[in-house]
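Notes follow the structure.
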Amino acid sequence: MSGTRLSQLFLRTLRDDPADADTDGHRLLVRAGFIRRVASGVYAWLPLGQRVLARTAQIVREEMDRIGAQEITVPILQPLELWARSGRDAAYGPLMFRLQDRKEAQFALSPTAEEVVTTLVAGEYSSYRDLPVTLYQINWKYRDELRPRFGLLRAREFLMKDGYSFHVDVDDLKRTYQDMYDAYDRIFTRCGLVFRAVEAEAGEMGGDTNHEFMAVAAVGEDDFVWCPSCEYAANVEAARRRPPTRHEGLVDAPEMEVVDTPDMPGIAPVAAHLGVPESALLKCIVFEVDGADGPELGAALVPGDRDVSVHALALSLAPHPVRLLTDEDFAKRPELTRGYLGPHHAALEVVVADPSVAADHPWVTGANAADRHVRHAVLGRDFAVDEWADLVAVAPGDACPRCGSALAIDRGIEVGHVFQLGTKYSEALDARYQDDAGDQHPMVMGCYGVGVSRIVAAVAEQLHDDDGLAWPAALAPFQVHLVALPGRGEAAEQVSAAADRLYDELTAAGVDVLYDDRDASPGVKFADADLLGLPVRLTVGAKGVARGVAEARLRATGAERELALDAVVAVLTDAPSS
RNA sequence: CGGGCUGUGGCGCAGUUUGGUAGCGCGCUUCGUUCGGGACGAAGAGGUCCCGGGUUCAAGUCCCGGCAGCCCGACCA
């Protein structure tokens with residue numbers, strides 16, 4: 001039952017690249033006939049793709065079951081009222097697909113399922129004796145992305161494993177969180193991905209811990225920072241560098257002096273004009289932060305050769321929301337001469353600076369007047385800092401916060417995310433339990449996502465070459481691509497018979513084998529075999545059959561080996577991928 | 001939402017400037033030759049030229065209005 005004849009398979013490979021595919025993985029998945037686009041960000045899974053998807057889902061399922069999570073299925077079609085209760089109706093906004101029934105009741109297609117699952121648990125469980133419990137489903141999710149991209153990578157319909165755990169307290173949550181983290185590690189390892197677990201930005205709740213699992217890929221949409229020497233890794237938004245030591249005391253410098261910098265609102269031209277490095281300039285980013293008496297004007301200071309991490313800035317002033325000034329804001333405030341601002345501006349009510357601003361040299365910065373900068377600006381003499389925070393956005397080469405080694409930055413595809421949620425949803429949706437003293441508490445929750453269809457895309461992105469895909473054995477739609485090359489010579493019948501026999505034997509032995517029994521030329525068969533990317537290609541041709549051998553070739557490495565026809569099954573069942 | 005580009009057999013594209021028989025490559029069907037790296041010849045099938053309106057003797061082509069797709073940006077997990 002595990003074999004399929006290529007002549008019967010619903011498959012058409014394409015010789016030309018599809019016009020709308022712009023990454024290697026997407027291009028090859030389409031060319032090899034694994035998927036077909038139905039609408040923007042919406043794909044049909046053809047038999048080969050379907051098998052890969054099913055295998056991926058099965059790996060996820062096995063690892064979830066292994067840590068005691070229980071599989072359920074909740075509706076994709078969900079009443080909008082449920083989303084209104086948690087307030088995420090508005091939060092998700094146009095990202096949710098919405099529809100209504102004939103009675104005009106509002107529904108949404110599930111972009112995730114915290115509301116449904118939390119409500120479900122709240123309805124069944126109410127005692128500390130019931131907890132903890134972890135539920136998960138593997139189901140289609142819908143997000144009306146502004147811009148679907150890269151085929152399966154950012155699709156509007158995608159297969160996701162979403163898991164939810166419910167606990168009496170944070171300590172208990174942390175145990176399940178660690179189990180999930182470990183399970184995710186196994187999942188992505190089994191899928192053959194090169195990946196890294198990175199610390200992610202804490203959510204708006206502040207204390208939430210969460211990690212993203214990033215498959216390393218140039219086409220990824222997220223940057224992450226990692227340390228080659230230790231285990232530190234973080235999403236670029238959450239990453240921090242080891243802060244430089246602050247220089248103590250006043251820097252000795254001549255009096256602050258205004259210099260003409262006509263029509264130079266940027267760092268680079270000013271540095272060039274004055275003949276100083278960009279790192280000698282003080283970058284001054286103005287923002288608004290909500291204070292006790294309404295919005296206050298603030299400035300964030302970093303050296304001119306560095307960028308401000310908006311997330312770090314927001315964190316430094318939390319819980320007060322921060323917002324950078326827009327073009328309109330500048331238009332409304334002519335006293336803020338954009339491009340020529342300095343930290344000594346009279347309108348600034350709060351100044352936050354990176355430790356590197358406490359340097360052993362004075363600064364060049366804006367003069368708060370158009371076309372003018374100042375030099376010899378000295379911290380503590382010419383400008384003051386109210387708060388110190390690690391504001392500099394991490395760049396390659398910065399010191400690791402843990403070990404001090406030079407950090408590296410890579411791009412990745414987010415294939416998984418584990419999150420310690422806390423009580424946000426349990427409070428909004430009344431998921432409470434009673435403790436042994438009879439008191440009511442909101443359940444403490446965790447949520448855990450795996451992009452199942454996205455794993456398929458990420459693997460295609462990582463494992464391929466110019467000729468086609470190269471599936472790891474764990475995900476491959478079939479393990480063996482059996483190619484018969486009977487030709488038209490005297491041996492044709494003999495070769496076909498030998499290939500047929502091998503196919504039957506392998507199938508009987510439980511090996512997943514795709515048998516290219518088509519009446520096609522060798523070149524076509526080999527090209528398709530490379531394109532489909534099954535781990536082992538087994539070629540049966542006239543020359544080999546005459547000597548009683550078939551030729552095995554590994555897709556990933558190109559390594560070849562001759563196998564005696566009567567030993568093939570034994571070798572391939574022993575170690576399908578070796 | 002802003003900017004740019006594109007919609008022509010299943011796929012990839014030309015034709016649109018200058019209106020006049022709808023083409024090429026791949027794929028598909030049939031026949032013959034070929035058969036260990038996408039073979040060759042011959043004969044075929046397959047198209048509301050995205051949709052709607054308009055101009056014109058005549059529209060794939062010109063005009064107006066829609067829709068869809070792709071890319072860049074903004075945005076987002």
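The sequence lines fix the lettering, A, B, ..., with proteins before strands; numbering per chain opens at 1. None of the values given here were measured: they were computed from a predicted structure.
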Separation between the C1' atoms of A43(B) and G19(B), rounded to whole Å: 34 Å
Separation of the P atoms in A14(B) and U6(B), to the nearest angstrom: 9 Å
Return the value, rounded to whole Å, for the distance between atom CZ of R547(A) and atom C1' of G36(B). 13 Å
What is the distance, to the nearest angstrom, from the CG atom on L146(A) to the P atom on A74(B)? 12 Å
Just name whichever nucleotide pairs with C49(B), Watson-Crick or G-U, keeping both distances under 3.5 Å, else none. none
Looking at every non-hydrogen atom in both residues, tell me the closest pair between I72(A) and V74(A) and how far apart they are. CD1-CG1, 3.8 Å
Whole angstrom value for the distance that separates C1' of G37(B) from CZ of R555(A): 13 Å
Roughly how many Å is it from CZ in R15(A) to C1' in G10(B), rounded to a whole number? 15 Å
Please state the P separation for the pair G38(B) and C5(B) - nearest whole angstrom. 40 Å
Can E114(A) and K424(A) be counted as an ion pair, charged N to O under 4.0 angstrom? no
May I ask you to verify if any side-chain N or O of R12(A) is less than 4.0 angstrom from the OP1 or OP2 atom of G27(B)? no
Strand partner of G20(B), provided both Watson-Crick or wobble distances fall under 3.5 Å: C57(B)
NA contact type, E212(A), heavy-atom cut-off 4.0 Å: base, sugar-phosphate, or nothing? nothing
Students often get this wrong, so: under 4.0 angstrom with heavy atoms, is D17(A) touching a base, only sugar-phosphate, or nothing? sugar-phosphate
Distance, P atom - from C64(B) to U21(B), rounded to whole angstrom: 25 Å
Could you tell me how far A22(B) sits from G47(B) if I compare only their P atoms? Round to whole Å. 14 Å
Would you indicate what R31(A) reaches in the nucleic acid, counting non-hydrogen atoms under 4.0 angstrom: base, sugar-phosphate, or nothing? base
Regarding the side chain of E551(A), the nearest nucleotide among G36(B), G38(B), C75(B) is G36(B)
NZ/NE/NH1/NH2 to OD/OE distance under 4.0 Å, D504(A) and R501(A): no
Is any NZ, NE, NH1 or NH2 atom of the basic residue among R98(A) and D89(A) found under 4.0 Å from an Asp or Glu carboxylate oxygen of the other? yes
Pairwise P distance for A42(B) and C70(B), with rounding to whole Å: 40 Å
Any S521(A) side-chain N or O less than 4.0 Å from OP1/OP2 of U34(B): no
Nearest-nucleotide 5' precedence on RNA chain B, T13(A) against S40(A): T13(A)
Of the non-hydrogen atoms in Q479(A) and V511(A), which two are nearest, and what is the gap between them? CB-CG1, 4.5 Å
Nearest whole Å is fine: how far is U6(B) C1' from D20(A) CG? 12 Å
Write down the atom of K525(A), the atom of R518(A), and the distance for their closest heavy-atom approach. NZ-O, 2.7 Å
Pair E560(A) + R553(A), salt bridge at N-O below 4.0 Å: yes
In whole angstrom, give the distance that lies between atom CZ of R37(A) and atom P of G12(B). 10 Å
May I ask you to verify whether the side chain of R537(A) and the base of G37(B) hold a donor-acceptor pair under 3.5 Å? yes
Rounding to a whole Å, what distance do you find between R518(A):CZ and G36(B):C1'? 15 Å
Applying the 3.5 Å cut-off to both distances, the Watson-Crick or G-U partner of C40(B) turns out to be G32(B)
Listed nucleotide nearest any side-chain atom of L14(A), set G37(B), C11(B), A77(B): C11(B)
Judged by each residue's nearest nucleotide on RNA chain B, which is more toward the 5′ side, P18(A) or R454(A)? P18(A)
Pairwise P distance for U55(B) and U61(B), with rounding to whole Å: 15 Å
Among C35(B), G37(B), C76(B), which is the nearest nucleotide to the side chain of E145(A)? C76(B)
Tell me what T539(A) touches on the nucleic acid: a base, only sugar-phosphate, or nothing, going by heavy atoms under 4.0 Å. base
Starting from P on A77(B), measure out to CE on M160(A) and report it in whole angstrom. 13 Å
With distance as the sole criterion, do the side chain of D16(A) and the base of G25(B) form a donor-acceptor contact below 3.5 Å? yes
Roughly how many Å apart are U17(B) and G60(B), using the P atom of each and rounding to a whole number? 12 Å
